[in-house]
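The sequence lines fix the lettering, A, B, ..., with proteins before strands; numbering per chain opens at 1.
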2 protein chains.
Amino acid sequence: MEYPRNKPAKARSGIIALLREHGITPTQQRVEIGHILFARAQHVSAELVLERARQGSSMVSKATVYNTLGLFADKGLIREVIVDPIKRFYDTNLAPHHHIYHTDTGMLEDVDAADIKMECLPDLPQGTEVEGVDVIIRVRHTDR
Amino acid sequence: MEYPRNKPAKARSGIIALLREHGITPTQQRVEIGHILFARAQHVSAELVLERARQGSSMVSKATVYNTLGLFADKGLIREVIVDPIKRFYDTNLAPHHHIYHTDTGMLEDVDAADIKMECLPDLPQGTEVEGVDVIIRVRHTDR
DNA sequence: TTGGGTGCAAACTATTTGCATTCGA
DNA sequence: TCGAATGCAAATAGTTTGCACCCAA
């Protein structure tokens, strides 16, 4: 189940349904956070979600933001992206894709998986299975 | 300048020369840390380096370990690897390669770059240049 | 009522920083 | 000698945990 890109923000009722489909009890805070996340395809940090939640109506604590993002990621509603050594990003785009990371600005961009062809993945170690393959293209602004 | 794999540990004099070649003043602590790092191709965390340094003869503080690892990475002696959201790893293997990350054990394995062919990298954003491309294959042990 | 689920403050961990001291050239 | 490097401690930032509270069964 995947949240489509470039769609208008889901209504709260839609978010409640989405949470239920994923086996998550919809609480006020989770719905609020869902509303922030699924407004559009985006890359967010916990800090940003917290900031937006505080601008909104509901009370949400910092710990709840972290716990909820972790829960959503576990349940497959969002995808954790590890590119920055100091903070985690969460990606609401669940379509197969990779990332361009601007090391000087911290900006993260999506690259459709179809635009990168990987051939001959090496043999996996015995008794393991692939959980995911991340490709991160690190770019910086050219000095001029 | 690249440290070759599978070679016996560099003598301290060799490490001093290596640091000088990279424009790093060789101090007692830096040489000690270099000695730990370049004993063999490996993936280390700051914590592990600190632990090993304390087992050895020299006094090295935590802050110095962090600062030195950062310095070595800046100067291209080691490579920072971002796979784990909670800690950084440093890789003493500078040959072009990618990683297999065992999400359940935290183990990191090298994959020769030649074993992964990437085709048609997407167009880069205007005014940027590639700093590096990381491929991380996340694997887990299959349940049986 | 009651036991698991939830939310929050406080705790914790990895990392960085400021500054007095020491070291290397 | 003297600027650079170190060590310590405290600060910081991101994240996790312990526990009181709440709600459905």
Side-chain angles (χ1 to χ4, degrees), chain A residues 15-16 19-20 22-36 43-54 56-75 77-78 80-91 103 106 108, chain B residues 12-13 15-36 43-54 56-75 77-78 80-90 103 106 108:
Chain A
I15 289 176
I16 291 173
L19 297 184
R20 288 225 167 87
H22 286 262
I24 298 172
T25 309
T27 65
Q28 199 183 42
Q29 287 82 348
R30 288 172 177 179
V31 172
E32 174 66 25
I33 291 169
H35 199 252
I36 291 165
H43 304 106
V44 294
S45 60
E47 188 191 13
L48 184 69
V49 172
L50 181 62
E51 191 186 303
R52 292 205 185 139
R54 286 189 168 155
S57 42
S58 312
M59 276 306 304
V60 186
S61 74
K62 188 189 264 204
T64 298
V65 169
Y66 278 96
N67 292 339
T68 302
L69 288 172
L71 179 70
F72 284 9
D74 280 351
K75 299 291 187 179
L77 274 160
I78 55 180
E80 190 179 8
V81 183
I82 301 168
V83 280
D84 186 309
I86 66 163
K87 67 166 68 155
R88 299 174 196 206
F89 284 95
Y90 292 92
D91 193 340
T103 52
L108 202 50
Chain B
R12 283 180 202 255
S13 60
I15 290 175
I16 292 174
L18 185 67
L19 297 184
R20 287 224 167 88
E21 282 163 30
H22 287 262
I24 299 171
T25 307
T27 65
Q28 200 183 43
Q29 286 83 348
R30 289 171 177 177
V31 173
E32 175 66 25
I33 291 170
H35 198 251
I36 291 165
H43 304 107
V44 294
S45 61
E47 188 192 14
L48 184 68
V49 172
L50 181 61
E51 190 185 303
R52 291 204 186 141
R54 285 188 167 155
S57 42
S58 312
M59 276 306 305
V60 185
S61 76
K62 187 190 266 203
T64 298
V65 168
Y66 278 97
N67 293 338
T68 301
L69 289 172
L71 177 71
F72 283 10
D74 280 351
K75 299 291 187 177
L77 273 160
I78 55 180
E80 192 179 355
V81 183
I82 301 168
V83 280
D84 186 310
I86 66 161
K87 67 166 69 155
R88 298 174 196 207
F89 283 94
Y90 292 92
T103 53
L108 201 51

Atom pairs, N/O to N/O, protein against nucleotides 12-19 of chain C, distance under 3.5 Å?
| from | atom 1 | to | atom 2 | distance (Å) |
| --- | --- | --- | --- | --- |
| C/dT15 | OP1 | B/R88 | N | 3.0 |
| C/dT15 | OP2 | B/Y66 | OH | 2.7 |

Please tabulate, one pair per line, each protein N/O and nucleotide N/O from nucleotides 23-25 of chain C that are separated by under 3.5 Å, including the distance.
| from | atom 1 | to | atom 2 | distance (Å) |
| --- | --- | --- | --- | --- |
| C/dA25 | OP1 | B/R20 | NH2 | 3.2 |

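Distance CD1 (B/I82) to P (D/dG14): 15 Å, rounded to an integer number of Å. Distance, A/I33 CD1 to C/dC8 C1': 13 Å, rounded to whole Å. Per the geometry, CG belonging to A/L50 stands 13 Å off C1' belonging to C/dG7, to the nearest Å. Atom CG in A/L19 sits about 14 Å away from atom C1' in C/dT6, given to the nearest Å. Atom-to-atom, CE of A/M59 to P of C/dT6 comes out at 18 Å; the value is rounded to the nearest Å. The interatomic distance linking A/E51 (CD) with D/dA13 (P) rounds to 14 Å, in whole Å.
Side-chain contact between B/L19 and B/T27: absent, with no pair of heavy atoms (C-beta onward) separated by less than 4.5 Å. Using a 4.5 Å heavy-atom cutoff, the side chains of A/D74 and A/E80 are not in contact. In this structure, the side chains of B/L50 and B/Y66 stay at 4.5 Å or more apart for every pair of heavy atoms. Side-chain contact between B/L71 and B/R30 is present, with at least one heavy-atom pair separated by less than 4.5 Å.
Shown here for A/Q29 and A/V60, the closest heavy-atom pair between the two residues is CG-CG2, 4.0 Å. Between A/G34 and A/I15 the shortest heavy-atom distance is C-CD1, 3.5 Å.
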Base versus backbone protein contacts along nucleotides 19-25 of chain D [heavy-atom cut-off under 4.0 Å; B, S, -]: -------
